[in-house]
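Please read the structure below before turning to the comments.
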Amino acid sequence: MGADEVLAAAQLIVGARRERTPLAPLPAHLQPKDEAAGYEIQHEVHWLLAEHAGDFVGYKIGCTSKVMQDYIGIPHPCAGGVFAGGVHASGAALRGADFVRVGVECEIAVRLAKDLLPLDAPFTIAHVGDAIGDCYAAIEIVDDRYVQWETMGAPTLVADDFFAAGCVLGPAVPRDAAGDLAAVQGRAFVNGALAGEGTGADVLGHPLHALAWLANHLASRGDGLEAGQLVLTGSLVKTVWLKPGDRVRMELDGLGVVEAGIV
């Protein structure tokens, strides 16, 4: 795709997000033909969103568990952006009107204490594990902001940050106190009823595999991760879709509890 097509596609995506209008498939000449083109558009989307959504503060990794890969129909991870305006503390009241169709996922989030720059690639799980500062029990907020997501195609979903709409974070837990992230047991509750459960090992075998995938993916594009950035490593459970009045609570053993409501 040429630069003009990339910009035009990004403008359509960002316009739909700002207006909370369900996105239909892009015009044929603006549709990314592969995921590499999708990430080109995503990069432009991030620039255009910054004024509206706040500073770029990190990444979400999607399709990291078999349950999510089967649900979405994509057999490998995908990355999207996280912006300051979408990051909330536990107990947040989220406005349903701010989303097209809001959902949540149960995640282990990490904040980096060290850079992971492209010159240091390829990255192993040992390398990325050493870069983590704090860990969090997290609710990833997702938004099905499509007329019908099944018709969009993976490249366009990538271009639009792969459903990303922010997160809710529990208290920070120092990496040394968090234990083995693969052994973390997570449970999602909606209005007090168990809605899903899983373990850190459901995320590509270990959440650090997801973080290494992201660092290597970014390095392949000449980008890196920076100290202070947040990474949502992937859902332990299938997406749970919510309606106004719902309360959600995620419990992650060793990382604590994180809660939010939809109003």
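- Ring-plane geometry between Tyr39 and His217 is classed as tilted, the angle between the planes lying from 30 to 60 degrees on a 0 to 90 degree scale.
- Shown here is Glu150, whose CD atom has more than 12 heavy atoms of other residues, nucleotides or ligands within 6.0 Å.
- Linking Ile, Leu, Val, Met, Phe, Trp and Tyr whenever their side-chain heavy atoms come within less than 4.5 Å puts Ile262 and Val237 in one cluster.
- For the residue pair Arg175 and Cys135, the shortest heavy atom distance occurs at CD-SG, 3.8 Å.
- Cys167 SG to Leu230 CG: the interatomic distance, rounded to the nearest 0.5 Å, is 5.0 Å.
- With sequence neighbours left out, the side-chain hydrogen bond (donor to acceptor under 3.5 Å, both in side chains) criterion links Asn191 to Asp246.
- Between the side chain of Thr156 and the backbone N or O of Gly153 there is no donor-acceptor pair closer than 3.5 Å.
- Closest approach of Gly80 to Gln42, counting heavy atoms only: CA-NE2, 3.8 Å.
- Taking a 6.0 Å sphere around CH2 of Trp241, one finds it holds more than 12 heavy atoms contributed by other residues, nucleotides or ligands.
- Taking CZ of Arg187 as the start and CD of Glu251 as the end, the distance is 5.0 Å to the nearest 0.5 Å.
- With values rounded to the nearest 0.5 angstrom, Leu236 atom CG is found 12.0 Å from Glu140 atom CD.
- Side chain of Gln229 to main chain of Glu226: a donor-acceptor pair is present (N/O by atom type, distance under 3.5 Å, no hydrogens or angles).
- Between Gly200 and Pro207, the shortest heavy-atom distance links the atoms O-CD, 3.2 Å.
- Judged by distance alone, the side chain of Asp134 and the main-chain N or O of Ala172 form no donor-acceptor pair under 3.5 Å.
- For His209, the ring-ring contact (aromatic ring centres under 6.0 Å, His included) criterion is met by no residue, not counting sequence neighbours.
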> Please walk me through it: do Arg20 and Asp98 pass salt bridge (Lys or Arg N to Asp or Glu O under 4.0 Å)?
Replying inline: CA-CA 7 Å; Arg20 301 181 186 89; Asp98 289 342; 3.5 Å; yes
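- Pairs passing the ring pair (Phe, Tyr, Trp, His ring centres under 6.0 Å) check and including a residue from residues 12-37, sequence neighbours excluded, do not occur.
- For the pair Arg145 (side chain) and Asp160 (backbone), a donor-acceptor distance under 3.5 Å is present.
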>> Let's go through Met250 and Val257 carefully: what are the C-alpha distance in whole Å and the side-chain angles of both, what is the deciding distance for side chain to side chain contact (heavy atoms under 4.5 Å, CB included) to 0.1 Å, and is it a yes or a no?
In response: CA-CA 6 Å; Met250 306 296 186; Val257 172; over 6 Å; no
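- Residues passing the side-chain hydrogen bond (donor to acceptor under 3.5 Å, both in side chains) test with Thr239 are Glu105, sequence neighbours excluded.
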> Can Asp180 and His206 be said to form a side chain to side chain donor-acceptor pair (under 3.5 Å), step by step?
Replying inline: CA-CA 9 Å; Asp180 179 7; His206 198 299; 3.2 Å; yes
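- Judged by distance alone, the side chain of Lys60 and the main-chain N or O of Phe162 form a donor-acceptor pair under 3.5 Å.
- Taking all atoms of both residues into account, the shortest heavy-atom contact from Asp144 to Phe163 is CA-CD2, 4.1 Å.
- Nearest approach of Ala138 to Leu252, heavy atoms of both residues: N-CD1, 4.3 Å.
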> What do the steps show when you test Glu259 against Val248 for side chain to side chain contact (heavy atoms under 4.5 Å, CB included), and what is the final call?
Replying inline: CA-CA 6 Å; Glu259 298 179 292; Val248 62; over 6 Å; no
Please output the side-chain donor-acceptor pairs of residues 108-116 that fall under 3.5 Å, not counting sequence neighbours, one pair per line with the distance.
residue: Arg111; atom: NE; partner: Tyr136; partner atom: OH; Å: 3.0
residue: Arg111; atom: NH1; partner: Gly228; partner atom: O; Å: 3.1
residue: Lys114; atom: NZ; partner: Asp130; partner atom: OD2; Å: 2.7
residue: Asp115; atom: OD1; partner: Ala227; partner atom: N; Å: 2.7

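- The aromatic rings of Phe56 and His46 sit tilted relative to each other, their planes meeting at an angle between 30° and 60°.
- With sequence neighbours excluded, no residue forms a side-chain hydrogen bond (donor to acceptor under 3.5 Å, both in side chains) with Asn216.
- If you take CG on Leu211 and CG on Leu204, they are separated by 11.0 Å, rounding to the nearest 0.5 Å.
- Under a 3.5 Å cut-off, the side chain of Asp143 and the backbone N or O of Phe99 do not form any donor-acceptor pair.
- Remark: the backbone N or O of Ala37 is paired with a side-chain donor or acceptor of Asp34 at under 3.5 angstrom.
- Listed for the Ser235 side chain is no donor-acceptor partner under 3.5 Å among the backbone atoms of Lys238.
- Note that CG of Leu181 is 10.5 Å distant from CD1 of Ile125, once rounded to the nearest 0.5 Å.
- Looking only at distances, a side-chain donor or acceptor of Gln31 sits under 3.5 Å from a matching main-chain atom of Leu26.
- A donor-acceptor pair is defined here as one N or O able to donate and one able to accept, closer than 3.5 Å; such a pair exists between the side chain of Glu107 and the backbone of Gly234.
- In this structure, the separation between CD on Glu44 and CD1 on Ile41 is 9.5 Å, given to the nearest 0.5 Å.
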